[in-house]
Amino acid sequence: MCGIVGISGFTPVNQLIYDALTVLQHRGQDAAGIATIDAEGQFRLRKANGLVKEVFDTRHMLRLQGNIGIGHVRYPTAGSSNVSEAQPLYVNSPFGITLAHNGNLTNSAQLKKELIQIRRHINTHSDSELLLNVFASELDRFKDFRLTKNDIFSAIAQMHKRIRGAYACVAMIINHGMVAFRDPNGIRPLVIGKRVLACDKNEYMVASESIALDTLGFEFLRDVTPGEAVYVTEEGELFTQQCAENPEYHPCIFEYVYFARPDSFIDKISVYNARVRMGQKLGEKIARQWQHLKIDVVIPIPETSCDIALEIARILHLPYRQGFVKNRYVGRTFIMPGQQERRKSVRRKLNANKAEFRDKNVLLVDDSIVRGTTSEQIVAIARGAGAKQVYFASAAPEISFQNVYGIDMPSVNELVAHGRSVNEIQEYIGADALIFQNLEDLIAAVRVDNPEITEFDCAVFNGHYVTKDVDQNYLTHLNAIRSGQNPSTSSSSESEHLEIYNEK
Ligand SMILES: O=P(O)(O)OC[C@H]1O[C@H](OP(=O)(O)OP(=O)(O)O)[C@H](O)[C@@H]1O
Ligand SMILES: NC(=O)CC[C@H](N)C(=O)O
Ligand SMILES: [Mg+2]
């Protein structure tokens with residue numbers, strides 16, 4: 001679940017994009033990158049593996065000159081974690097184009113074949129490189145050196161016909177400006193904002209989450225709608241157009257469960273309110289089904305489940321206690337690459353506050369159980385801290401199906417709920433009782449703020465893929481190519497090499 005940002009302004013954007021990426025860091029911890037266009041019309045680019053604060057030194061920031069730029073934080077879902085697949089990505093034909101992508105394509109093999117046939121070289125296993133080349137090939141159909149806004153919009157309309165999957169993107173075209181677009185199902189989020197300078201000129205910003213606009217002092221204008229494209233010319237003029245033939249609103253429900261920050265609004269829905277309502281629904285289910293259990297205290301598993309657990313405690317009239325202390329210097333474990341790394345990090349990240357567990361029946365609450373990495377260890381930690389009984393509640397239903405739209409769950413074998421009953425999962429994680437949210441309740445909890453959304457992408461829970469192109473063959477193939485894959489990150493020497501190649 002990567003984070004993307006783009007700013008088209010009249011003042012230097014390097015620091016603004018850096019700040020936006022730090023706010024979007026929770027969406028990707030593997031690599032970060034920024035590209036700008038300088039006063040001579042040249043791209044400046046810096047990208048490497050690592051957190052935003054590790055990737056950009058002062059010397060990089062000084063080189064990232066220009067009043068227009070885009071940025072990316074990466075959580076890989078295709079190819080590898082290698083720095084060659086870090087974003088923004090770049091092509092030099094038919095124009096200099098850089099692009100940053102959040103999502104995952106489902107017809108990559110087909111696109112690659114088509115691109116090779118029209119003599120476009122693909123150098124990595126990144127689906128985003130394919131997407132960029134499809135965009136470039138569609139722009140190549142226009143022979144005038146200067147593209148009009150209609151040319152750009154019709155190139156995106158053609159892309160929507162060729163590309164399947166999830167994609168929220170921001171790009172820059174040399175001599176033209178900034179372009180952003182969202183796939184026809186709106187699976188990944190994208191918002192647009194503006195700020196007005198003292199000289200009365202408008203600067204525009206697009207980002208994965210509204211919090212990036214808040215932090216940078218941009219006014220939230222609206223969500224980019226599914227299938228819609230945004231074009232801000234070099235002169236700062238904004239144009240938007242619907243480019244999909246049959247757009248539908250199917251945002252990914254897992255953004256609300258886990259990915260997005262609680263203070264974001266996605267498609268008019270407050271992520272925080274959605275989580276509180278998840279807590280309410282789950283609390284009510286616990287009250288109905290666990291009357292026989294005597295719970296002493298409700299304890300969240302920081303950080304994402306805190307808002308949910310607080311509401312459960314309120315519904316159950318029980319105390320809420322911070323039984324686990326989170327090490328603030330360890331990032332999100334679920335989006336780390338490799339199971340070994342994820343396992344080790346849970347213990348480094350969370351430690352029990354023993355006084356909250358001793359001789360108590362505790363209800364541990366998490367937003368979701370995916371591979372069971374967190375829950376399995378946390379139940380053992382709670383017991384080690386002296387808990388009598390350890391009950392566990394998940395605010396999301398059982399995750400039994402692969403994700404193909406930008407969450408790294410390519411293999412069902414990794415999912416603890418796949419092929420297991422609730423009792424078996426309970427046994428696997430070592431809890432004394434386990435309860436999951438119902439899918440209808442999760443959907444109801446999220447939908448309240450925006451009833452216009454009739455169907456969310458809930459594929460990980462129900463196996464229904466909204467792009468309608470995902471069949472068992474594809475899922476089996478995905479399982480085979482990415483099962484247990486633990487892509488290595490690049491060495492620092494590789495990264496330096498790339499840096500010299502790309503940077504002024
Ligand atoms: O079953 P698993 O495979 O362990 O995945 C689920 C866990 O991972 C996430 O936490 P994470 O540490 O990524 O981030 P957080 O601090 O935002 O909760 C999520 O909130 C669950 O706690
Ligand atoms: N999580 C994402 O959005 C990943 C984007 C893209 N598929 C990549 O792997 O780089
Ligand atoms: Mg968590």
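Atoms within a ligand are numbered from 1 in the order they appear, just like the ligands themselves.
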Polar proximity ligand 1 side, [X] side, N/O cut 3.5 Å exclusive:
X      : value
Lys326 : no
Ile335 : no
Ile301 : no

Which parts of the protein, at residue level, reach under 4.0 Å of ligand 2 through a heavy atom?
->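 Within 4.0 Å of ligand 2, the protein residues are Met1, Cys2, Arg74, Tyr75, Pro76, Thr77, Ala78, Gln87, His101, Asn102, Gly103, Asn104, Asp127, Ser128, Gly406.
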Atom indices of ligand 1, in the order listed, that fall short of 4.0 Å to a heavy atom of [X]:
X      : answer
Thr373 : 1 (O), 2 (P), 3 (O), 4 (O)
Val370 : 1 (O), 2 (P), 3 (O), 5 (O), 6 (C)
Lys349 : 11 (P), 12 (O), 14 (O), 15 (P), 16 (O)
Thr333 : 11 (P), 12 (O), 13 (O)
Ile369 : 1 (O)

Does any N or O in the side chain of [X] come within less than 3.5 Å of the main-chain N or O of [Y], such that one atom is a donor and the other an acceptor?
X      : Y      : value
Ser208 : Ile4   : yes
Asp457 : His250 : no
Asn403 : Gly406 : yes

Are any of the heavy atoms in Ser368 under 4.0 Å away from ligand 1?
-> yes
So, does Arg342 sit close enough to ligand 1 that a heavy atom of it is under 4.0 Å from the ligand?
->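 Per 4.0 Å heavy-atom rule, Arg342 does not contact ligand 1.
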Arg332 to Tyr258 six-membered ring, cation-pi geometry met (6.0 Å, 45°) =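 So Arg332 does make the cation-pi contact.
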Just to confirm my output: which protein heavy-atom neighbour is closest to [atom], and how far is it?
atom                    : value
atom 17 (O) of ligand 1 : Thr304 OG1, 2.5 Å
atom 21 (C) of ligand 1 : Asp366 OD2, 3.2 Å
atom 9 (C) of ligand 1  : Tyr258 CE1, 3.3 Å
atom 8 (O) of ligand 1  : Phe334 CB, 3.4 Å
atom 3 (O) of ligand 1  : Arg371 N, 2.8 Å
atom 20 (O) of ligand 1 : Asp367 OD2, 2.5 Å
atom 4 (O) of ligand 1  : Thr374 OG1, 2.6 Å

Smallest heavy-atom separation, Asp267 atom then Asp223 atom, equals N-OD1, 3.0 Å
Flag if over 12 foreign heavy atoms under 6.0 Å of CD, Glu303 |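 It does not: Glu303 CD has 12 such atoms or fewer within range.
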Parallel, tilted or perpendicular, as decided by the 30° and 60° cut-offs, for the rings of Phe254 and Phe259 = perpendicular
Give the ring-plane orientation class for Tyr474 versus His477, where under 30° counts as parallel, over 60° as perpendicular and anything between as tilted.
-> tilted
Answer yes or no: is there an ion pair linking Asp214 with Arg261, defined by an N-O contact shorter than 4.0 Å?
-> no
Determine, for Glu85 against Arg74, whether the closest basic-nitrogen to carboxylate-oxygen distance falls under 4.0 angstrom.
-> yes
Using side chain to side chain donor-acceptor pair (under 3.5 Å) as the criterion, point out the one residue from Gln339, Arg343, Arg342, Glu414 that pairs with Thr373.
->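 Of Gln339, Arg343, Arg342, Glu414, side chain to side chain donor-acceptor pair (under 3.5 Å) with Thr373 is met by Gln339 alone.
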Which residue is it: [options]? I am looking for the one with a side-chain contact (heavy atoms from CB on, under 4.5 Å) to [X].
X      : options                : result
Ile443 : Asp441, Leu439, Val446 : Leu439
Arg164 : Thr106, Val404, Asp183 : Thr106
Leu131 : Leu111, Leu89, Leu105  : Leu105

